[in-house]
Amino acid sequence: MDPVDAESFLRTYHAETPSAGPVEPRLRQVLAQIGQYGTYTHTAEELAFGARVAWRNSGRCIGRLYWRSLRVRDHRSVDTAEGVAVECVNHLREATASGRIRPTITVFAQDRPGRPGPRVWNEQLIRYAGHLGPEGAVVAGDARNAAFTATARRLGWTGGSGSEFDVLPLVVEAGGKPPLLATVPGDAILEVPLEHPAHPWFADLGLRWHAVPAISNMCLEIGGVCYPCAPFNGWYMGTEIGARNLADEDRYNLLPVVADRLGLDTSSDRTLWKDQALVELNVAVLHSFGRAGVTITDHHTEARRFISHLEREERSGRICPADWSWIVPPLSGSLTPVFHRYYDDVQLSPAFVHHPRTSEYEG
Ligand code: ARG
């Protein structure tokens, strides 16, 4: 714990939050805590501000216009695997809100000297298993999660029917104990079956996706304090599902299937069959989520919102860090305003960061 990080965060918080009063008394208190315990404890207000600013600082996220509206669930007193699993499920229920998705973060116990906080091993709270066949190739599901699925199996997971869309169990590690496997109850998982507005056969493909993307393997860093378990979610932008999860060759690789059903000429790349199939897949995603009453946004709208956000940040005298390669949507990039410019991509703090894992239980 570097006291300089604590000081710089507290100064930012007080500068942006006049109602918090002068920084000096709080600074003295925090420096004393660090001197005595090697760390310090945020107030609830500091935590909420820090979490929102970590979102604001996420250079890869196009959806930051609403950063102030992030709901912060303060569960810092929870440091057991069981407690984390229960509150992750409650997070999903509250964030899903029957489809009116609410950007939400749940913050669990922080790292302290000699006492690391809990961790969720899953990349997201909801992900689909990637099932391996006898040959070691992925025969069903999301190939991205094949290694994690194997880890869950090694830890004793016997669930999943071997289907394309089996939701993985949570794997939670806390207190230096072996990780806990916890099934996410079905009523905490909202999913949308996919259909196409013009092609009745599309529904027969049996495709679906979950409503809430909830990243669970990034640390929330605020003023030198690391919260290793702080799952957060927004809502989906259609292309994440339609142009990546379902389309990437190393994910669900569905373009050949969709192109075939559309009757496209797939004999050469130059017929642009992939491009045509990709558009129809994305039409299906946006249409299906809309019909199901589940919040989703399209890349044109979200790109425009991002530019408003960026301009607003600049008017506030702040840099808005952005990584072009993540901000530009994977479909029709040049049709959106975010394509036609460059960005500063600096690492600001607070931040969400990937920390290398150091579990003795890791396979
Ligand atoms: N791209 C990831 C996925 O498809 C989700 C990342 C976060 N996305 C979001 N809209 N908050 O699952």
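Given the structure is predicted, the values throughout are model-derived calculations rather than measurements. Just follow the structure's listing: the first ligand is 1, and inside any ligand the first atom is 1. Just so you know, residue 1 is the first one in the sequence shown, and it goes up from there.
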* For the atom pair CZ (Arg102) and NE2 (His91), what is the distance rounded to the nearest 0.5 Å? -> 10.5 Å
* To do: First locate atom CZ of Phe352, then atom CG of Asn57, and finally report the distance between them rounded to the nearest 0.5 Å.
  => 9.5 Å
* Identify, chain by chain and in numerical order, each protein residue with a heavy atom under 4.0 Å from an atom of ligand 1. => Gln124, Arg127, Pro213, Ile215, Gly234, Trp235, Tyr236, Glu240, Asn245
* Given side-chain hydrogen bond (donor to acceptor under 3.5 Å, both in side chains), test Glu195 with Ser288 step by step and report yes or no. => CA-CA 6 Å; Glu195 56 180 28; Ser288 306; 5.3 Å; no
* Asked: Can the positive tip of Arg153 be found less than 6.0 Å from the middle of the six-membered ring of Trp157, inside 45° of the ring normal?
  -> yes
* Quick one: do Glu164 and His131 satisfy side-chain hydrogen bond (donor to acceptor under 3.5 Å, both in side chains)? Show the steps, please. => CA-CA 8 Å; Glu164 295 287 355; His131 301 289; over 6 Å; no
Pair up each side-chain donor or acceptor in residues 235-244 with any protein partner under 3.5 Å, not counting sequence neighbours, and list the distances.
from, atom 1, to, atom 2, distance (Å)
Tyr236, OH, Trp209, NE1, 2.9
Glu240, OE2, Met237, N, 3.0
Arg244, NE, Asp248, OD1, 3.1
Arg244, NE, Asp248, OD2, 3.0
Arg244, NH2, Asp248, OD2, 2.9

